[in-house]
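What follows is a short report on a single structure.
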Number of protein chains: 2
Amino acid sequence: MSGKDGRRPTIRDVAERAGVSKSLVSLVMRGSAQVSPARRKAVLDAARALGYRPNSVARSLVEGRTRTVGVIVSDLRNPWYVDILESFRRVLHGDGMRVLIGAGELEHRLDQTVVEAFLDLRVEALCVVGSLPFDPVLADAMGSVPAVVASSHGYELPTVDSVVNDDVHGMRLAVEHLVGLGHRRIAHIGGGAAGVFQARREGYETAMRALGLAEHVRVERCENDEQTGYAATRRLLGCDDPPTAIVAVNDMACLGAVSAAADLGVDVPARLSVVGYDNTPLAGTSHLSLTSVDPRNPEIGELAARRLLARLAEGGAPGVRDLISPRLAVRRSTGHPPADR
Amino acid sequence: MSGKDGRRPTIRDVAERAGVSKSLVSLVMRGSAQVSPARRKAVLDAARALGYRPNSVARSLVEGRTRTVGVIVSDLRNPWYVDILESFRRVLHGDGMRVLIGAGELEHRLDQTVVEAFLDLRVEALCVVGSLPFDPVLADAMGSVPAVVASSHGYELPTVDSVVNDDVHGMRLAVEHLVGLGHRRIAHIGGGAAGVFQARREGYETAMRALGLAEHVRVERCENDEQTGYAATRRLLGCDDPPTAIVAVNDMACLGAVSAAADLGVDVPARLSVVGYDNTPLAGTSHLSLTSVDPRNPEIGELAARRLLARLAEGGAPGVRDLISPRLAVRRSTGHPPADR
DNA sequence: CTGTTAGCGCATTCAT
DNA sequence: ATGAATGCGCTAACAG
């Protein structure tokens with residue numbers, strides 16, 4: 001398991017034991033075809049006997065590359081990003097790259113230490129998954145190494161590719177679905193002037209207008225959590241002319257809407273239809289069974305990885321923006337509106 | 001941003017620009033006090049002007065250490081482990097260590113590639129979070145570098161520390177809480193003959209016997225997901241003498257229990273009390289509001305990190321087993337049993 | 001305090 | 001097909 005004196009065995013130990021030179025061991029370890037079968041076997045046997053594995057630190061140093069890309073995830077606690085990550089790393093693994101994960105957000109600010117850790121480690125590229133507060137350190141880093149953002153707003157730099165789901169299209173799918181069921185008073189919880197919140201609010205408003213429902217546009221502010229979604233929904237349901245349907249900015253807010261409806265004795269979907277966004281594992285549970293816009297995260301992760309590989313090969317090409325068309329996952333939280341009073 | 005010819009600047013470039021030797025630059029970068037303020041400033045200025053950052057790859061090679069520990073997480077999709085990870089990395093960061101995360105499970109088998117990636121990277125220690133299928137490659141790795149397991153069963157090797165919550169105590173808290181509310185027919189969903197499932201089933205049985213309820217012991221098999229928890233609960237509620245309370249092996253199964261009860265028109269907690277385990281974010285949502293055993297993950301992560309640091313300093317001491325006493329987070333899914341028929 | 005020298009483990013020329 | 005020499009960027013042990 002260890003070298004003779006407790007150290008891990010090096011290429012030299014293997015060479016000595018196999019009775020060949022270090023270079024030959026190196027060739028064998030990297031799968032060169034230019035080695036006679038007999039010597040190859042001798043090297044492989046010696047390596048196994050010693051428990052040798054090439055030191056990737058030394059290799060990185062001499063090759064001048066680490067074959068590593070750093071991924072900065074906005075929030076580990078809400079596992080909406082897992083599908084992005086999995087397809088992203090699958091593609092990069094296929095290209096011999098390693099993927100490191102770091103958590104980017106720390107008390108509503110960017111955790112600069114993860115950016116610096118990645119830079120210190122000499123990652124060859126960066127990927128930001130999910131919206132992160134803007135920070136010059138990160139922006140600078142993304143200017144100096146190849147970078148891509150996935151499902152993220154706020155870092156669309158000139159030389160950074162971005163792959164995001166089409167929020168406008170997604171909100172349109174949600175509103176059209178509800179209109180198709182007969183709803184007209186369709187409200188939105190979310191809002192705000194930045195990032196996904198802005199994009200989805202605008203998508204909602206655009207869709208409502210396009211369907212002739214401009215007069216019913218109604219937005220109540222909330223964040224990406226159950227509490228504020230709950231409060232926003234209570235405000236909506238407490239007014240004179242409450243909506244028959246709510247489109248939420250994401251699944252967590254939508255969960256708040258469901259809780260609020262339950263507390264008020266409003267049946268979902270009989271008296272209130274709700275639609276979430278992100279199609280998280282939460283939405284798929286049979287207990288909630290939320291109709292939710294599915295951003296197609298596996299596709300986003302895969303395309304982000306491809307963009308990154310292309311950029312790694314090409315160099316500083318201008319950033320390309322990919323818009324993935326979402327789909328609607330229809331479940332049991334939506335239905336026909338109640339008959340008019 | 002880059003060196004003169006596109007390369008990243010090295011310690012040599014900085015030394016040249018500052019008019020000092022490389023060693024001096026090295027001293028300054030590592031914060032030595034043995035440098036005159038004037039020269040220190042010259043070095044720092046040159047480094048900033050060049051955008052220099054020490055190459056940690058080269059540093060690792062010469063120091064013979066990477067200051068990196070690899071964490072293998074069982075399942076990224078279920079974010080129960082996040083609190084463990086956060087406190088774990090907080091402690092390690094405080095000691096100048098980096099933490100890398102890898103996903104360990106791949107289609108019910110261990111993903112050996114993450115173990116090998118960590119070994120290739122020369123991580124100085126390993127940490128396994130959550131139960132993973134046994135695999136000789138991982139066992140071997142944990143024998144060859146300092147290792148600790150947190151909230152995990154199955155890798156309690158002779159030289160591996162383990163920090164786990166006390167499942168027996170946790171199940172006892174759950175059962176006692178229910179008995180205190182007046183329940184007697186208390187069933188368990190979970191079961192199985194390995195890992196947490198075994199430990200919690202045994203804990204349940206022990207607690208029931210200790211409270212004189214041996215005759216009411218009833219276990220229905222399920223896994224760590226909503227579907228099987230749902231099915232198990234339907235079996236329980238469909239029999240002649242259904243339980244008035246269910247203790248689930250974890251929160252996901254408990255969610256299944258809630259769904260099943262809802263589908264059968266059984267009100268929670270009026271006609272059925274349910275208790276989960278893990279106190280995941282899910283349990284805390286006001287919509288579900290599950291009473292759940294809280295394993296105190298922040299403490300687990302912190303202690304695991306301390307054990308690892310001690311082991312890193314000490315060497316191959318025998319593995320110590322820490323049992324963390326869980327607490328019960330009481331919420332709205334438990335209440336008094338219905339009055340007898 | 002500062003500069004010089006020698007590797008860390010490996011891949012990569014160049015010679016055979 | 002194989003082996004010897006060179007250097008990746010840095011730190012550590014010295015010698016000034």
Side-chain angles (χ1 to χ4, degrees), chain A residues 2-44 46-47 50-68 96 119-122 124, chain B residues 2-44 46-47 50-68 96 119-122 124:
Chain A
S2 322
K4 42 187 76 174
D5 45 343
R7 273 179 24 262
R8 306 208 39 169
T10 76
I11 198 171
R12 231 192 296 270
D13 301 320
V14 178
E16 188 178 337
R17 187 178 225 272
V20 300
S21 75
K22 297 181 301 177
S23 337
L24 186 56
V25 177
S26 174
L27 283 178
V28 171
M29 295 318 286
R30 280 174 300 142
S32 164
Q34 313 295 74
V35 184
S36 68
R39 299 226 175 206
R40 147 167 291 120
K41 181 175 185 321
V43 169
L44 258 19
L50 260 30
Y52 169 77
R53 33 196 339 137
N55 185 328
S56 67
V57 176
R59 175 178 291 171
S60 293
L61 181 61
V62 61
E63 284 186 331
R65 53 174 309 190
T66 53
R67 295 176 189 279
T68 298
L119 257 24
D120 281 354
L121 284 171
R122 295 295 196 270
E124 294 181 25
Chain B
S2 322
K4 41 187 78 174
D5 45 345
R7 276 183 16 266
R8 307 207 43 169
T10 76
I11 198 172
R12 231 192 295 271
D13 301 320
V14 179
E16 189 177 338
R17 188 179 224 271
V20 301
S21 75
K22 296 181 303 177
S23 336
L24 212 242
V25 177
S26 175
L27 283 177
V28 172
M29 296 317 288
R30 281 175 298 141
S32 163
Q34 312 295 72
V35 183
S36 72
R39 301 232 176 199
R40 150 167 287 122
K41 180 177 185 321
V43 168
L44 258 19
L50 259 28
Y52 168 77
R53 34 195 338 137
N55 185 329
S56 66
V57 176
R59 174 178 293 171
S60 293
L61 181 60
V62 61
E63 284 186 332
R65 54 173 309 192
T66 52
R67 295 174 188 281
T68 299
L119 257 24
D120 280 355
L121 284 170
R122 296 294 196 270
E124 295 181 24

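Here is how names work: the chains are called A, B, and so on, in the same order as the sequence lines, proteins then strands, and each is numbered from 1.
Under the 4.5 Å side-chain criterion, counting only non-hydrogen atoms from C-beta, B/Leu121 is not in contact with A/Val57. The side-chain heavy atoms of B/Arg53 and B/Arg8, taken from C-beta on, include a pair separated by under 4.5 Å.
Nearest heavy atom pair, residue A/Ala18 against residue A/Ala42, reads CB-O, 3.8 Å.
One atom, CG of B/Leu61, and another, P of C/dG9, lie 7 Å apart when rounded to the nearest Å. Rounded to whole Å, atom C1' of C/dC10 lies 13 Å from atom CG of A/Asp13. Distance CD1 (A/Ile11) to C1' (D/dT6): 15 Å, rounded to an integer number of Å. B/Lys22 has its NZ atom 10 Å from the C1' atom of C/dG3, to the nearest Å. As rounded to whole Å, 9 Å separates atom C1' of C/dC8 from atom CG of A/Asn55. In this structure, B/Asp120 places its CG atom 11 Å from P of C/dC10, rounding to the nearest Å. In this structure, A/Arg59 places its CZ atom 21 Å from P of D/dC10, rounding to the nearest Å. Computed from coordinates, the A/Leu27 CG to D/dT2 P distance equals 9 Å when rounded to whole Å.
Checking side-chain atoms of A/Thr68 against main-chain N and O of A/Thr66 turns up a donor-acceptor pair under 3.5 Å. At least one donor-acceptor pair closer than 3.5 Å links the side chain of A/Ser56 to the backbone N or O of B/Asp120.
Look at B/Thr10 and you won't find any side-chain N or O under 4.0 angstrom from OP1 or OP2 of D/dG9. One finds a side-chain N or O of A/Arg39 lying less than 4.0 angstrom from the OP1 or OP2 phosphate oxygen of D/dT2. Regarding contacts with the backbone of D/dA1, every side-chain N or O of A/Arg40 stays at 4.0 angstrom or more from both OP1 and OP2. Put simply, A/Ser26 has no side-chain N or O that comes within less than 4.0 Å of OP1 or OP2 on C/dC10. Taking only side-chain nitrogens and oxygens, B/Arg12 comes nearer than 4.0 Å to OP1 or OP2 of D/dC8. When the side-chain nitrogen and oxygen atoms of B/Arg53 are compared with OP1 and OP2 of D/dC10, none of them lie within a distance under 4.0 Å. OP1 or OP2 of D/dG9 has not a single side-chain nitrogen or oxygen of B/Arg8 nearer than 4.0 Å. Listed pair A/Ser36 / D/dT2 meets the phosphate criterion, a side-chain N or O lying under 4.0 Å from OP1 or OP2.
At a cut-off of 3.5 Å, with distance as the only test, a side-chain donor of A/Arg30 or A/Ser26 sits close to an acceptor on the other residue.
Place B/Ala58 and B/Pro37 on DNA chain C by their nearest nucleotides, and B/Pro37 ends up nearer the 5' end.
Distances from the side chain of A/Glu63 to the nucleotides C/dG9, C/dA11, C/dC10 place C/dA11 closest. The side chain of A/Ser21 lies closest to D/dG3, out of D/dG3, D/dA12, C/dC10. For A/Leu24, whose side chain is taken as the heavy atoms from C-beta onward, the closest listed nucleotide among C/dG3, D/dG3, C/dC10 is D/dG3. Candidate nucleotides C/dT12, D/dC8, D/dC10 were compared by shortest atom distance to the side chain of A/Arg30, and C/dT12 ranks first.
The base of D/dA4 lies close enough to the side chain of A/Ser23 for a donor and an acceptor atom to sit less than 3.5 Å apart.
Among the atoms of the strands shown, only primed sugar atoms or phosphate atoms (P, OP1, OP2) are found under 4.0 Å from some heavy atom of A/Val35.
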